[in-house]
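Remarks on the structure that follows.
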Amino acid sequence: MHMTSETEAKLNELAERTHRGKEELLEEAVNHLIAYNEWFERKVKNSLAAVERGETVPDEDVRAWIEQRERS
């Protein structure tokens, strides 16, 4: 895997500080990335399905909600 020298230096420092191997840290990072992307894709899919069902909030209501929060 190619990474910038700055990123590699930060990875080396993290491995040293945490007494963990770089490979272990990279695997953990990849697992987090995969889990996040799976979660994000589910959210997008569910949101698109809600839009198709007409379950949306009108723009005016969203603007009013934001304005109310800004006044609080």
Side-chain angles (χ1 to χ4, degrees):
M1 173 194 335
H2 175 73
M3 62 181 78
T4 65
S5 57
E6 180 182 349
T7 300
E8 188 165 2
K10 288 179 180 181
L11 178 61
N12 288 331
E13 291 171 11
L14 180 61
E16 190 174 312
R17 278 195 324 271
T18 59
H19 306 289
R20 297 169 70 190
K22 292 189 301 184
E23 292 297 321
E24 180 185 358
L25 292 172
L26 288 170
E27 183 175 358
E28 183 178 324
V30 169
N31 286 336
H32 282 288
L33 176 63
I34 290 169
Y36 171 79
N37 277 294
E38 289 172 345
W39 169 85
F40 185 78
E41 288 173 1
R42 277 193 312 274
K43 290 294 187 180
V44 169
K45 183 179 177 182
N46 291 341
S47 296
L48 291 173
V51 168
E52 287 179 11
R53 293 189 304 268
E55 298 170 358
T56 60
V57 177
D59 290 348
E60 303 79 34
D61 293 352
V62 173
R63 284 190 192 98
W65 178 77
I66 290 172
E67 289 172 2
Q68 180 184 17
R69 288 188 52 120
E70 289 174 348
R71 282 185 252 133
S72 299

Sorted by first residue and then second, give each side-chain hydrogen bond (donor to acceptor under 3.5 Å, both in side chains) pair with at least one member in residues 17-31; sequence neighbours left out.
->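 As it turns out, the side-chain hydrogen bond (donor to acceptor under 3.5 Å, both in side chains) pairs with a partner in residues 17-31, which skip direct neighbours, are Asn12-Lys22, Arg20-Glu24, Arg20-Glu28.
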Exercise for review: Would you mind listing every side-chain hydrogen bond (donor to acceptor under 3.5 Å, both in side chains) that reaches into residues 44-60, with sequence neighbours excluded?
Suggested key: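 For residues 44-60, and leaving out neighbouring residues, the side-chain hydrogen bond (donor to acceptor under 3.5 Å, both in side chains) pairs sorted by first residue read Arg53-Glu55.
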If the threshold is 4.0 Å, N to carboxylate O, is there a salt bridge linking Glu67 and Arg63?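 Judged by the 4.0 Å cut-off on N to carboxylate O distance, Glu67 and Arg63 do not form a salt bridge.
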Practice item. Indicate if Met3 and Leu14 have the same hydrophobic cluster label, given that clusters are the connected sets of ILVMFWY residues with side-chain heavy-atom separations under 4.5 angstrom. Key: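 In one cluster: yes.
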* **Single-linkage hydrophobic cluster Val57~Val44, side-chain heavy atoms < 4.5 angstrom** =>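 Unlinked, Val57 and Val44 end up in two clusters.
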Reported [atom1]-to-[atom2] distance for the pair [X] and [Y], which is rounded to 0.5 angstrom:
{"X": "Leu33", "Y": "Leu26", "atom1": "CG", "atom2": "CG", "value": "12.0 Å"}
{"X": "His2", "Y": "Thr7", "atom1": "NE2", "atom2": "OG1", "value": "9.0 Å"}
{"X": "Leu11", "Y": "Glu16", "atom1": "CG", "atom2": "CD", "value": "11.5 Å"}

Checklist line | Exercise: identify the closest heavy-atom pair between Ala15 and Gly21 | finding: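 It is CB-C, 4.4 Å.
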For the residue pair Tyr36 and Phe40, does the interplanar ring angle fall in the parallel (under 30°), tilted (30 to 60°) or perpendicular (over 60°) class?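 Plane angle under 30°, so parallel.
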